[in-house]
Novice: 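Starting off with a structure, shown below.
Every chain is numbered from 1 and lettered A, B, ... according to where its sequence line falls, protein lines coming before strand lines.
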Number of protein chains: 2
Amino acid sequence: MINITLKQLRYFEALARHRHFGRAAEACAISQPALSMQIKEMEDVLGAALFERSARQIRLTQFGEVAAERARDILRAADELGDLARASRERLVGRLRVGVIPTIAPYLLPKVMTDLSARYPELEIHVRETVTPKLIQELSDGQLDTAIVALPVSEGTLAETPLFHENFVLVRSAKEANAPLPNADSLREMRLLLLEEGHCFRDQALSFCNMPSGPPREVLDASSLSTLVQMVSAGMGVTLIPEMAVPVETRSASVSISRFEAPEPARTVGMVWRKTSPLANQLTEIADVVRQCA
Amino acid sequence: MINITLKQLRYFEALARHRHFGRAAEACAISQPALSMQIKEMEDVLGAALFERSARQIRLTQFGEVAAERARDILRAADELGDLARASRERLVGRLRVGVIPTIAPYLLPKVMTDLSARYPELEIHVRETVTPKLIQELSDGQLDTAIVALPVSEGTLAETPLFHENFVLVRSAKEANAPLPNADSLREMRLLLLEEGHCFRDQALSFCNMPSGPPREVLDASSLSTLVQMVSAGMGVTLIPEMAVPVETRSASVSISRFEAPEPARTVGMVWRKTSPLANQLTEIADVVRQCA
DNA sequence: TGTTTATCATAAGAAATAACTATCAATCCG
DNA sequence: CGGATTGATAGTTATTTCTTATGATAAACA
């Protein structure tokens, strides 16, 4: 199946406008025979005459009139595709799907969302909050554009950039405020409350205590830092939370916060995306904005 | 300025649908590298990535999604142009601008319009009624598609086909009904009422009497056959009218109609159109329909 | 862990398409 | 009738697009 081409439509449109092969050809920056051939080809393909050629002038046929209108529509649509491409290339627009782990989302997102919206008004931000393995899976599947997680991710297909480094602090009930600071080993002897399995923060905390991360423990596992703090406040044990969570989580709980001595437990939070992502350039820009927020 | 092509849009659409270069290429009946190259070319021209290629699968970029939608619109519009061409080629549709001389129009058109509309329901018929020279001019200018006039027209650029032959009859007042039939020469002595200048029928009548057609005559010239007959009915003279006009024009006038003896005055009515007209085929068909009516 | 498989990109030559120059044919005009 | 204008045609060249063969990379497999 042979078909018409946009080039033919362009030539046709010019001829319909000029009603003169020579001038239309000049307008298209080609020779008159080239125009003649393409018009003829187009008429052959369509199986209908577009122009009526009489001795000294040419006229659009009735079909030609209709076709000229359609041709203009098509050419305009094609041009718009170019405009659209330019727009999408010049600035970050459209939808950005961001995944964030639950031990970061509530503390970082409010400011990040505000700043990003201010900087990229045309950007529609979707947030997905879940544990790292799921985020990585969804990222790889193309359901997310980027994710904010604890580094390293060590996934060959993903690019990662660090955002900030944060320490973990000890949360004890208010009445233990002046008790001696436990070290990593003594923590193991205490009733350490942790997040349920799957959260990387659980593993990071356990690793600080040199405890195996795998098997479930006898203690109740919480589903959020907020719950953990409330449990501590109720005297059920102690826990660790990232520094960033302190202002939010201790507002409505009577607990004491203590920093560890060096080497303090800590984690690096970073942003990851597919190495192949077409948004790679914009994502490094966004990482900068997030860094400002932290 | 290099630009995208419809071919690229077709390939792109296929790839967007299959999300697989090999299968999309197969669907387009080309080799996989050919598809790769055209997609690459298209991305280069647009200056934006359409697909994100990762190891084992490809995905549309956000821009690609939008572009795919547009591409489908454009391709559909291009296909419709083909459909439109086919429709316009297969049957007579749209507008047909017909010119008819005033000494034919009122008698022939009612039936012709009815029959044509029945046969070509999608045909919109415009009628222009004026004298032959104006019709020929407008036909040549492309303001008319065809004209029904008295033959011959003898215009090199026009094609003509005869429709019917009609005699002229003598119209006298009712009380002259039994008077002897004048011949061409005796007509010259009578008060012969005629149409105003410009009407071919005037010239044809004069030519029958062997009188010069040019100079204005002393008698009142009428603007329609109807007026002529009414004048005859009022006793102002005699006239000739084409046979076809008899039923209509003598309905409300007390006149007598007489046929001449051979050689009877007559004219050939025919249809003309530009030799270059794209409607030429359809016009011969229409001439057949008109012939049926006469 | 190395091997196979799947998949898209690249390269080089061949085929197809579109362009140009030169020329023709028709017609209008003085 | 002769020159000028205009679109069509022919032959050749230039460009584009395709094909085949091959490469590179990562996933799947054993």
Side-chain angles (χ1 to χ4, degrees), chain A residues 1-12 14-16 18-45 49-61 64 136-137 140-142 154-159 274-276 278, chain B residues 1-12 14-16 18-45 49-61 64 137 140-141 155-158 274-276 278:
Chain A
M1 159 185 139
I2 303 152
N3 235 311
I4 61 172
T5 67
L6 278 184
K7 194 182 299 195
Q8 286 166 355
L9 288 183
R10 269 181 242 287
Y11 294 175
F12 167 53
L15 184 54
H18 288 96
R19 284 150 200 271
H20 186 286
F21 278 78
R23 283 189 282 280
E26 189 181 15
C28 295
I30 55 167
S31 67
Q32 170 264 313
L35 185 94
S36 281
M37 304 259 274
Q38 288 302 318
I39 296 295
K40 185 161 137 48
E41 167 74 19
M42 188 172 159
E43 287 179 321
D44 286 352
V45 169
L50 293 164
F51 296 93
E52 178 186 337
R53 292 113 159 126
S54 55
R56 255 188 140 58
Q57 63 179 327
I58 61 170
R59 255 188 297 276
L60 278 167
T61 61
I136 299 306
Q137 181 61 50
S140 300
D141 288 352
S154 306
E155 192 46 51
T157 60
L158 299 184
R274 292 184 302 280
K275 278 177 180 164
T276 57
Chain B
M1 157 187 141
I2 305 153
N3 235 312
I4 61 171
T5 66
L6 276 185
K7 195 185 298 193
Q8 285 168 355
L9 288 183
R10 269 181 239 288
Y11 293 176
F12 167 53
L15 185 54
H18 289 96
R19 282 148 201 271
H20 186 287
F21 278 78
R23 281 189 283 279
E26 190 181 13
C28 295
I30 54 168
S31 68
Q32 168 265 314
L35 186 94
S36 282
M37 302 226 287
Q38 288 301 321
I39 296 295
K40 185 161 137 46
E41 168 75 16
M42 188 172 159
E43 288 179 320
D44 286 352
V45 169
L50 293 163
F51 296 92
E52 178 186 337
R53 291 109 160 131
S54 56
R56 254 188 141 56
Q57 62 180 330
I58 62 171
R59 255 188 297 275
L60 278 167
T61 62
Q137 181 60 49
S140 299
D141 288 353
E155 183 62 39
T157 60
L158 299 183
R274 292 185 301 280
K275 280 178 179 164
T276 58

Novice: From Cys28(A) SG over to Tyr11(A) OH, what is the distance, rounded to the nearest 0.5 angstrom?
Specialist: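 Rounded to the nearest 0.5 Å, the SG-OH separation comes out at 6.0 Å.
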
Novice: Taking atom P of dT5(D) as reference, at what distance in whole Å does atom CD of Glu26(A) sit?
Specialist: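 Distance, rounded to whole Å: 15 Å.
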
Novice: Would you say His20(A) reaches dG7(D)'s phosphate, i.e. side-chain N/O to OP1/OP2 under 4.0 Å?
Specialist: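 Indeed, a polar side-chain atom of His20(A) lies that close.
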
Novice: I need the CZ-C1' distance between Arg23(A) and dT6(D), as an integer number of Å.
Specialist: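 That distance rounds to 10 Å.
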
Novice: Which of these, Lys40(B), Gln32(B), Gln38(B), sits in a side chain to side chain donor-acceptor pair (under 3.5 Å) with Ser36(B)?
Specialist: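 Of Lys40(B), Gln32(B), Gln38(B), side chain to side chain donor-acceptor pair (under 3.5 Å) with Ser36(B) is met by Gln32(B) alone.
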
Novice: What is the distance, rounded to the nearest whole Å, between atom CD1 of Ile58(A) and atom P of dG7(D)?
Specialist: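 That distance rounds to 6 Å.
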
Novice: Side-chain N or O of Ser36(A) less than 4.0 angstrom from OP1 or OP2 on dG7(D)?
Specialist: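 For Ser36(A), the contact criterion (side-chain N or O under 4.0 Å from OP1 or OP2 of dG7(D)) is not met.
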
Novice: Would you say CD of Glu26(A) has more than 12 non-hydrogen atoms from neighbouring residues, nucleotides or ligands within 6.0 angstrom?
Specialist: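 12 or below, so no.
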
Novice: Could you measure the distance from the CG atom of Leu50(A) to the CD1 atom of Ile39(A)? Nearest 0.5 Å is fine.
Specialist: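 Going from the CG atom of Leu50(A) to the CD1 atom of Ile39(A) covers 6.5 Å.
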
Novice: Taking atom C1' of dA8(D) as reference, at what distance in whole Å does atom CG of Asp44(A) sit?
Specialist: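 Asp44(A) atom CG is separated from dA8(D) atom C1' by 13 Å.
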
Novice: Under the side chain to side chain contact (heavy atoms under 4.5 Å, CB included) criterion, do Asn3(B) and Arg10(A) qualify, and how do the steps go?
Specialist: CA-CA 11 Å; Asn3(B) 235 312; Arg10(A) 269 181 242 287; 3.6 Å; yes

Novice: Identify the 5'-most and 3'-most nucleotides of DNA chain C with at least one atom closer than 4.0 Å to a non-hydrogen atom of chain A.
Specialist: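 Range of nucleotides touched by chain A: dA18(C) to dC28(C).
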
Novice: Show your reasoning for whether side chain to side chain contact (heavy atoms under 4.5 Å, CB included) applies to Ile58(A) and Leu15(A).
Specialist: CA-CA 9 Å; Ile58(A) 61 170; Leu15(A) 184 54; 3.5 Å; yes

Novice: Protein within reach of the bases, or only the backbone? For nucleotides 17-30 of chain D, mark each nucleotide 5' to 3' as B, S or -, using heavy atoms under 4.0 Å.
Specialist: SBBBB----SS---

Novice: Does atom NZ of Lys275(A) have more than 12 heavy-atom neighbours from other groups under 6.0 Å away?
Specialist: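 It does: Lys275(A) NZ has more than 12 such atoms within range.
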
Novice: Would you compute the distance between atom CD of Glu41(A) and atom CD1 of Ile4(A) and round it to the nearest 0.5 angstrom?
Specialist: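 One finds 10.5 Å between CD of Glu41(A) and CD1 of Ile4(A).
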
